[in-house]
Amino acid sequence: MNVVEIENVTKTFGRFTAVNALSLAVPKGSIYGFIGPNGSGKTTTLRMIMRIYHPDPGPGRIRVLGETKQTAADDRVGYLPEERGLYKKMKVRDILRFYAELKGCRDFKDRVNSWLERMGLSEWADKKVEALSKGMAQKVQFISAVIADPELVILDEPFTGLDPVNADVLRDAVLELRKNGSTVIFSTHDMAVAERMCDLIFMIYKGEKVLDGTLESIQDRYGTDTLRVKVEGNGFDARTIPGVEKVTDFGKLQELRISPQTDTQDVLAELMKCGRVTHFELTTPSLHDIFVRIARPEPQDVVPGAARETAHA
Amino acid sequence: MRKMIVVAVREYQAAVKSKAFLMTLVAMPILWGGSIVVQMAMRNKVDTKDKRIAVVDYTDHLYDAVAAAAQVRNEKDIFEGEGADRKQVKPRFLVERVDPRGDDAAKARLALSERVRKADSKEIMAFVVIGADVIRPGPDPANASIDYHSNSPTYDDIQHWIAGPLNERVQQLRLQAANLDAGIVAAATKRVPVANLGLVSRDEAGNITEAEKTNELANIFVPMGLMMLMLMVVMVGASPLVQSVLEEKTLRIAEVLLGSVPPFQLMMGKLVGMVGVSLTIVTVYLVGAFYAIHQAGFGSFFPAHIVWWFVIFQSLAVLMYGSLFIAVGAAVSDMKEAQSLVTPVMLIAVSPMFVWINVVKEPSSSFALAMSLIPPATPMLMTIRQAVPPGIPTWQPLLGILLVLLTTVACVFAAGRIFRVGILMQGKGAKVGEMMRWVLRG
């Protein structure tokens, strides 16, 4: 069963098309990751799922938790907007209580306390929001989105601004939400997070869907065209090797993209001429690489299903 | 409904718990009361340096009277207090006689003007020229006037003072010339005061009670106080809504709120919260005023009979203006933009101030009735009319409430539509035309 179903939905602001003929389905109990460059339509789509924005009139439709109603107010949905979203002058405990009550939650006292403890915020419960660091405010906001045990949680860039420790705390909380039966949709710029956490990944670029599926299915579309190599010795240029289309230098490690007909043995032989090969791995492209191929296409990049031009004002 | 109350409670607490609210609550009476106290204290803080006045008397009969009056004034009138507390609160007027003969009149005035222009404390500050025909006006009116010359046109104390002794003396001389006794004439021309009384009524025992002397001052101050209180409540209670909505908008709190509460309920919650805030203010001030008036012994002037009307009207005013402020907050993107839209709303709110004095003087006139039935002005003007004895027929405030209620519903409805669209707009503010479109199309 799908918690969110979007079919052929378009949203324009004036002459600018933010989202164009978009369709997607979020299965119940999944973690669904939105990726895409800034301004590509992620937040607009999330807001449409929230029903804060309504799509342009037309054949498209949005069904959330089995309903197609027009108002945003829904106690079964929790939402964390991109950054901010908290009253600065309110105390942490009061604002959580307020959001819990707004969602029709009655036993909020214990919930607030247990969430604060879990997020390591107990000491800050009676401080005003304006006294919190960015990371702490982000955690408070997360609690406010999930305090009422929503069936569907929509998080707009929840990991932005968190240090690794807090990011782990938040990740665990999200995973536990899924374990308890909630469906989570979140957007992120952190490809590693998306790779590790999401059951399904959805990429939107210039208002259009370019990727949608499991990480494996997405990577399969690109095939095993990537070599990760470590070569000792200096001054070697992998770009001179026949069949290598692109080199991404990570310093200690180089990622080579090879053309489909190239024999990896030939590449290895060429590399061995340059120096001592300590690492040689044939692999699928990382999500990061796929993202960059779509969002910053180079002449040799062939992006399946993404070779479109959108009216982008 | 429950969510609306949750919003209202938060809004109320956010407003009442803020330091700014307490400051306003305390500062307002201090500012108003303080300005009166300061004015009283400053009343006598005038320059007490001697002021010299030259008098050119072409009649030759009037200077002595001025000199004598100045002496009396300098010895008695310019002091306040008794014994050790006695202190000078006004400047002495020192008059000097200038001989009118010799130079021609124009030259004499020029010479005196030059002396005034020197602006020297030892020199004269002004001079008075008394025409030759002042006592018995002749064919030339120029000779029958008294001219006061000075270089300080806003300082009129000397001019006002000198008119007294001069006219008194002129009258005396004219009566003498006509062989009339000054005492008899004074008695004959004495003005009779007209007392301002209420109406006579019959008490329970059937006796006719005497009419009470009305206190004109109280009858003006009570309505004025109520009007100011209502205006203040609208300013303090409703205008923070602009900021509150703007905060929710810019901090994306609105998106979270709208995910829980339908927009209309959210707006109503904010309005109800603000009505609560305004009632708090009113309670504090009315109880304070009641206590103060009783302590001062003017208990009977406290308008207890219209307190409920006042509460109803001010709640409606907060709803009516509050919804407009909410619409403004939702339509703009920053405080600076908000100012330009808040100003017209404020102007409408203070508009009753332009006609209130006419309404107080004749609360039953058709002008007052018409004015008080224009909804934006109704809360204040209707209250004023009710506060002036004997009050007005009950159907009038009831009709007023009905009209204000209809207007409030229209405002809330329109504001709700602007709010719904505007609260999610980011980046730029809406133009008035755009807002009208939102209202009409929904």
Side-chain angles (χ1 to χ4, degrees), chain A residues 13-14 43-44 46-54 64 69-91 94-106 108 128-130 137 140-145 147-148 150 152-157, chain B residues 1-22 240 243-270 273 330 416 419-428 430-431 434 437 441-442:
Chain A
F13 295 100
T43 300
T44 304
L46 290 181
R47 285 182 177 168
M48 282 198 288
I49 297 174
M50 274 298 293
R51 289 175 289 225
I52 289 173
Y53 285 167
H54 297 292
V64 178
K69 60 175 183 164
Q70 293 288 305
T71 49
D74 192 331
D75 291 346
R76 298 172 300 167
V77 181
Y79 178 55
L80 177 145
E82 191 181 348
E83 294 176 35
R84 303 174 285 192
L86 301 171
Y87 291 99
K88 281 192 202 153
K89 299 272 177 206
M90 267 177 107
K91 288 180 186 161
D94 292 343
I95 201 164
L96 291 177
R97 220 185 81 177
F98 172 61
Y99 281 141
E101 280 190 280
L102 273 190
K103 285 287 183 197
C105 199
R106 286 174 197 276
F108 45 79
K128 284 187 179 169
V129 169
E130 59 190 352
V140 172
Q141 227 188 302
F142 175 79
I143 301 175
S144 66
I147 190 83
L152 171 62
V153 187
I154 298 170
L155 311 170
D156 200 351
E157 299 195 17
Chain B
M1 184 66 186
R2 218 180 55 79
K3 291 185 176 183
M4 190 192 90
I5 292 167
V6 174
V7 174
V9 168
R10 195 212 77 84
E11 201 70 27
Y12 177 81
Q13 287 179 341
V16 172
K17 277 187 186 168
S18 73
K19 287 192 193 91
F21 176 78
L22 280 176
Q243 193 130 30
S244 151
V245 173
L246 203 52
E247 184 194 13
E248 282 164 5
K249 186 175 162 168
T250 49
L251 294 183
R252 319 258 167 156
I253 299 166
E255 295 175 23
V256 181
L257 294 178
L258 290 178
S260 309
V261 197
F264 193 74
Q265 272 194 45
L266 176 58
M267 193 181 87
M268 281 314 289
K270 297 177 86 65
F419 180 70
R420 205 173 57 190
V421 186
I423 191 90
L424 292 167
M425 287 216 344
Q426 295 288 345
K428 67 181 179 77
K431 298 201 175 65
E434 241 173 315
R437 215 165 45 237
R441 288 201 200 145

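Chain letters run A, B, ... following the sequence lines, proteins first, then strands; residues in each count from 1. It should be emphasised that the depicted structure is a prediction, and the values quoted were computed from it without experimental measurement.
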Exercise. Going by heavy atoms in the side chains, are A/Met50 and B/Glu255 under 4.5 Å from each other?
Worked result: no
Exercise. Non-hydrogen atoms of chain A under 4.5 Å away: do they reach the side chain of B/Glu248, the backbone, both or neither?
Worked result: side chain
For this session: Might you point out which heavy atoms bring B/Ile253 and A/Gly85 nearest each other, and give the distance in Å?
Result: CG1-C, 3.5 Å
For this session: Report, as yes or no, whether the 6.0 Å neighbourhood of atom CZ on A/Arg51 holds more than 12 heavy atoms from other residues, nucleotides or ligands.
Result: yes
For this session: Drop me the distance from A/Asp94's CG to B/Arg10's CZ, to the nearest 0.5 angstrom.
Result: 10.0 Å
Problem set entry | Partner chain B: residue of A/Phe98, A/Tyr99, A/Phe13 with the largest heavy-atom pair count (under 4.5 Å) | A/Phe98
Exercise. Side chains of A/Tyr87 and B/Glu247: donor-acceptor distance under 3.5 Å anywhere?
Worked result: no
Problem set entry | Nearest atoms (heavy-atom pairs only) where B/Pro262 meets A/Ala73 | N-CB, 3.6 Å
Exercise. Side chains of B/Leu257 and A/Tyr79: does their closest heavy-atom pair fall under 4.5 Å?
Worked result: no
For this session: Give a yes or no on this: more than 12 heavy atoms of other residues, nucleotides or ligands lie within 6.0 Å of atom CZ of A/Arg106.
Result: no
Seminar exercise, completed: Cut-off 4.5 Å, heavy atoms of chain A, and the answer for B/Val7 is both
Exercise. Is there a side-chain contact between A/Asp75 and B/Lys3 (heavy atoms, below 4.5 Å)?
Worked result: yes
Seminar exercise, completed: When rounded to the nearest 0.5 Å, the distance separating CZ of B/Arg252 from CD of A/Gln141 is 11.0 Å
Exercise. Around B/Gln243, counting heavy atoms of other residues, nucleotides and ligands shown, do more than 12 lie under 6.0 Å from its CD?
Worked result: no
Exercise. Does any non-hydrogen side-chain atom of B/Leu251 lie less than 4.5 Å from one of A/Leu86?
Worked result: no
Seminar exercise, completed: NZ (A/Lys89) and NZ (B/Lys17) are apart, to the nearest 0.5 Å, by 14.0 Å
